[in-house]
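Everything below concerns the one structure shown next.
In what follows, every chain begins at residue 1, and chains take the letters A, B, ... in the order their sequences are listed.
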Amino acid sequence: MTDNGTYTDATKAKGEPIIEVIGVDKFFDGFQALKDINLRVGLQEVVVVIGPSGSGKSTLIRCINRLEKHDRGRVVVDGIELSDDVKRVQEVRRETGMVFQQFNLFPHLTVIENITLAPRQVRHVPKVEAEEMAMQLLRRVGIPEQANKYPGQLSGGQQQRVAIARSLAMKPKVMMFDEPTSALDPEMIKEVLDAMVELARGGMTMIVVTHEMGFARAVADRIVFMDAGQIVEVGTPEHFFTNPIEDRTKLFLSQIL
Amino acid sequence: MSLETVRPTLPAAPGPSWARRNLFNTWYNGLLTTVLGGLLFAGIWLGARAVAGFDITILEVNLRLFMVGEFPRDQLWRPWLSGGFLAAAIGLAAGLIQAGSRERAARSGLPFTPTTPRDVVRRLAPVIGLVVVLLLLTRTITPTLLTVVVAIVGIVFNVSGRRLHSRWGWVGVGALVVAGYLSLAAFGGVGWEDWGGLHLNVFLTLAGLLFAFPVGILLALGRRSALPVIRALSVTFIEVVRGVPLIAVLLFGAFAIGFLLPEEVRPSQVTRMLIAITAFEAAYVAEVIRGGLQAVPHGQTEAAQSLGLPGRKTMALVVMPQALRASIPPMVGQFISLYKDTTLVAILGIGELLETSFVVNSQPDFLGKGLFVVTLAFAGLIFWVGSYTMSREARRLERRLGVGER
Ligand SMILES: Nc1ncnc2c1ncn2[C@@H]1O[C@H](COP(=O)(O)OP(=O)(O)OP(=O)(O)O)[C@@H](O)[C@H]1O
Ligand SMILES: [Mg+2]
């Protein structure tokens, strides 16, 4: 059973809670993918989620921007509780960026069009302004010279950095990453992680599903270990590397480290 | 940046064929080859006629019927004028597409091969050959001169289209098409109810697809709608229409519409055919687009949604453009079959090309002479040239879409 309270006490949120997941259950045709999940993320906090395949990591973060509907419990993002109300869902999605394992860039648009699409269509930012901001973001992730290329012309690492820039262009309060480096060739992982580290150091609130423990050690405030749809253990990277408590955690860590 | 770069990403194309190296190596050589080919063909035809006793007078005297049906002789300037407008529209559109992809290539560094006059001549060789054959059947020099004028108009608009970058160019294409229609039908002209010959086949194909396209998109979206009523209606329409042969839909259109509507508002036979064709094609277009929609990975929708794009914009700006791109090759296939299937309106005695090739045999001069072979071969040649050219262009397009922008 999740003994959430015990472990979360180990770290205090840096700021006010911006994401609250309270008692959430999620079912896929009778199969329970999430079981009574409780998680709070504070402003400017970086939370890394780890766990074996099928443990529900993706489902959890997808419930936070309602790419999946939770079946029980509450999900509150920046004071907005998610429900069937489309407006609220829209509002939450504007404030949460998501980066996918497969990048999911829009192949029919150039890099800069990928980045400016949502700001222009959703926030109604004028074209020139949106493009300036996009170029600034591209410089931040280190690929301003690729602005007019199509995603298919870029390497995986470059594509993932474009995807990060695309999310940032909406000026989200929270960034979520679902295994952002696991589809990449080893030599490209670092450039993406570097961009994420820079983002974390800049004070972005982040939830990152990843098994890159170097990244976790460098910037995570907390690590959440999930197994079989439950949060099994929560603690600082320090806690996980030195004295994890649960047997399941120990077993998992021994497999990936 | 060099615009002459060859595409390195293309799957290894077979080397240029013997014909391409020797007969089509420059545009004028290509034109020469084509014209000489047409003449050769005509020569063989004439020889065969002399030997077998074929009489092509039936084609010569009925050329107008084959091309434009019962269009009044004193109004023949209208089809020519309309042809000029259409040539301008096609030339302009092709030029704009060229300009667009050149610009995109220059920005993104994608390779770009400009279409040279030589390419155009080679790709249009069957059409040019057919035009030569047609002109050989005319008895005065006027049609030849007018054809040259129309071709020049097309070329001039093509060249200016290549220099144009604005989207007003496409408004221009639309205006030219409308002008092409008006020059036939407006101001005491002939409405489409009374069109015939090849002209009618082409019109039914183009108009059928033009109308079927938006309806097809709506049906494809309706099929995925969250509202059960809309979904059920779309699915029923699509499946019923697709389960029935076109000829049945045409007959239904001809008789049911006539039966259901009071005489004052009853549309003409051709209009009924157009409605039936639109309904039929819309169902197929819907299925083609549905296939395109399925080809777009779900991650695209999720990415758009996670950026806060509302459902409609996600569909219109992210999913549909990709789905349409994936639908182009099967859509062209659909277009080609429609072109050939427009001959079915003949069952209602509408004088399209195939019907004409039968009817002329009952003219007193040719009755009982057994010239069906000649007239049918002629109609067949015309259909073949159109279908063949379109399917070759479709294959080219398919290859091009495979690179770069995906
Ligand atoms: N759309 C779906 N329909 C049915 N079952 C699903 C669906 N999405 C996820 N599941 C199931 O829910 C469980 C949790 O899936 P989830 O993708 O969240 O796991 P994960 O921890 O992200 O795993 P991985 O490391 O493989 O990405 C899995 O058993 C999975 O099969
Ligand atoms: Mg996952």
Query - Qualifying ring-ring contact (aromatic ring centres under 6.0 Å, His included) pairs with a residue from residues 283-310 of chain B, counting only residues at least two apart or across chains - result: B:F280-B:Y284

Query raised in the report: What heavy-atom pair brings A:F100 and B:A303 nearest, and what distance separates the two atoms?
Result: CE1-CA, 3.7 Å

Report task. Determine, stepwise, if the pair A:V122 / B:L309 fulfils side-chain contact (heavy atoms from CB on, under 4.5 Å). Result -> CA-CA 6 Å; A:V122 180; B:L309 281 172; 3.6 Å; yes

Query raised in the report: If you measure from OG on B:S306 to CE on A:M176, what distance do you get to the nearest 0.5 Å?
Result: 8.0 Å

Requested in this report: Among A:V92, A:V111, A:L105, A:V89, single out the residue with the greatest number of heavy-atom pairs under 4.5 Å to chain B.
Outcome: A:L105

Query raised in the report: Looking at B:G308 and A:Q90, what are the two nearest heavy atoms and their distance?
Result: O-NE2, 3.0 Å

Query raised in the report: Given side chains that start at C-beta, do those of B:P321 and A:H108 come closer than 4.5 Å, heavy atoms only?
Result: yes

Query raised in the report: For B:Q305, what residues pass the side-chain hydrogen bond (donor to acceptor under 3.5 Å, both in side chains) criterion, not counting sequence neighbours?
Result: none

Query raised in the report: Under the 3.5 angstrom rule, does the side chain of A:N104 hit a backbone N or O of B:G299 as a donor-acceptor pair?
Result: yes

Query raised in the report: Side chains of A:L117 and B:V318: closer than 4.5 Å at any heavy-atom pair?
Result: yes

Query raised in the report: Highest number of heavy-atom pairs under 4.5 Å with chain B: which of A:R123, A:M98, A:Q102, A:R166?
Result: A:R166

Requested in this report: Give me the contact list for residues 70-84 of chain A versus chain B, heavy atoms only, anything under 4.5 Å, ordered by residue number.
Outcome: none

Sequence neighbours excluded and cut-off under 3.5 Å, please list the side-chain donor-acceptor pairs for residues 207-223 of chain B, or say none.
unit_1	atom_1	unit_2	atom_2	d
B:R223	NH1	B:E239	OE2	3.2
B:R223	NH1	B:E287	OE2	2.8
B:R223	NH2	B:E239	OE2	3.2

